[in-house]
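No hydrogens, no waters, no symmetry mates; every other heavy atom, side chains included, goes into these values. In listed order, ligands and their atoms are each counted from 1. Each residue takes its place number in the sequence, starting with 1.
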Amino acid sequence: MKDLSEKRESFAGSMTAIMAMAGSAVGLGNLWRFPYLMGENGGATFIAIYLLLAIFICLPIILVEFIIGRRSQKNIYGAFEVLAPGKPWKLIGICCTLAPILVLSFYSVVGGWSINYLLKALSFSFTGENSNPEYLSSLFSNFVTDPYKPLLFHTLFLGMTAVIVAVGVKKGIERFSKIVMPLLFVMIIIIVVKAVTLPGSSAGLNYIFKPDFSKVTSETVLKALGQAFFSLSLGCGTMVTYASYVGRKENLLKCSAGTVFFDTIFALLAGCAIMPAVFAYGINPSEGPGLVFVTLPHIFSQMTAGGPVAIIFFFSLLIAALTSSISLLEVLTALLTEELHLKRTWAVVISFFLFWILGAACSLSQGVLSDVLVFGKNIFDLFDYISANILMLAGGLLLTIFVGWALGKKVIREELTNDGSLRVPPVLLQTIVFLIRYVAPAAIIAIFIFQTIS
Ligand code: PHE
């Protein structure tokens, strides 16, 4: 196994690895979904539930993915050939490859929307008569249903993603994440400061932080788990692929805790950036996707210095989307270079065309192809539904079963202690093994059952 790792690129150290992994995790899921989910589901109580789930269920699943990636030093498909040669576990690799293909197809379309809105913010378009909600709402729907413009921006976004990935793991992914992740945190903090100093913003903070146990049901728990799963990029091979670039000396517990920490802090900051402003301007907080592209431009147009704030916000959205999309593209790129022995550039070019076509179908499904429905959903919603509600969960379940039961306790212990060279308290190790073998699979099966029933 050692010679394999020597041929591959690897991240410079655990902090760089955490930056790249947090880059994958922090994305559109944090910026629009988390804030309104926490508002709708009991504020501080939801946050407490989310934290417990992130620590006791998602952290073990991230560890599982890190163990597979770092131990095999391989892509999501080849990893099983190294860890369980000749066994049918490779099928998990296929399931985990399908998920990022579907996610990146619609993610790239939304990434394209954020480029368009950044350009609008840069030309100070959300001002004067262009700032009323009806106008902004029709601006958004005219844009997404247009057959050409969103395609152009989807191409641009995917092109940017492809260039970063083609440059390589160290010079592309690592360097980009190392520069933009701290910038992203600085930018979101600037917006938080602006938002919490608006008159009337305290109602928004109350909405997200005031515990309201009456809003907590079993559904809340499952919603929080679903959100944590998507937000932490679990079950779709991205964390396995990134972990395959983590050196044998790095501490996997530290990398996984760091990733969960940054992703959660960013989600909380996004809540503090958005909700106080939403309340200060008397807007309905459960707007969903429209919140980002319709409501926020309206809010920016009302506040003093709203123009620069809009630029910072849409720039952050674009960067957050890019650091996630590069991790999605890397899953397929690593697979094609290692399994089909293609050159990195060729692997990226082939992936680009695949994602361009699938993304184009998602983009057109908002307009000219909106009549094409599968199970009552357009192509965009179908890709979103199948990936987030089926493939990622199934991937997470199978990966935990693989590590918990097929690789077993000994391998978990070896990986978490780096073959005994790191001191990890035995109680902690036993707890992690228990969480991986029993608690995490049970929680995922519970979401499956709940989704099927509802
Ligand atoms: N975690 C990303 C977000 O919150 C989305 C994502 C899912 C990225 C799966 C990679 C893999 O937006």
Undergrad: Can you list every protein residue that has a heavy atom under 4.0 Å from any atom of ligand 1, sorted by chain and residue number?
TA: S24, A25, G27, L28, G29, N30, Y107, F230, S231, S233, C236, T238, S324, S327, L328, M392

Undergrad: With ring-ring contact (aromatic ring centres under 6.0 Å, His included) as the rule and sequence neighbours excluded, what pairs involving residues 246-269 come up?
TA: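 The answer is F185-F262, F185-F266.
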
Undergrad: I want to check something: taking the side chain as every heavy atom from C-beta on, are L391 and C95 in contact at a cut-off of under 4.5 Å?
TA: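 L391 reaches C95 side chain to side chain.
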
Undergrad: Return yes if some donor-acceptor pair links the side-chain N/O of Q227 with the main-chain N/O of L37 below 3.5 Å, else return no.
TA: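 No; judged by distance alone, with no hydrogens or angles, the pair does not exist.
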
Undergrad: For a 4.5 angstrom cut-off between non-hydrogen side-chain atoms, does P150 reach F143?
TA: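 Touching, per the 4.5 Å side-chain cut-off.
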
Undergrad: Charged N to carboxylate O under 4.0 angstrom, K170 versus E9?
TA: no

Undergrad: Taking it one step at a time, do M21 and F66 satisfy side-chain contact (heavy atoms from CB on, under 4.5 Å)?
TA: CA-CA 11 Å; M21 286 158 173; F66 285 6; 3.3 Å; yes

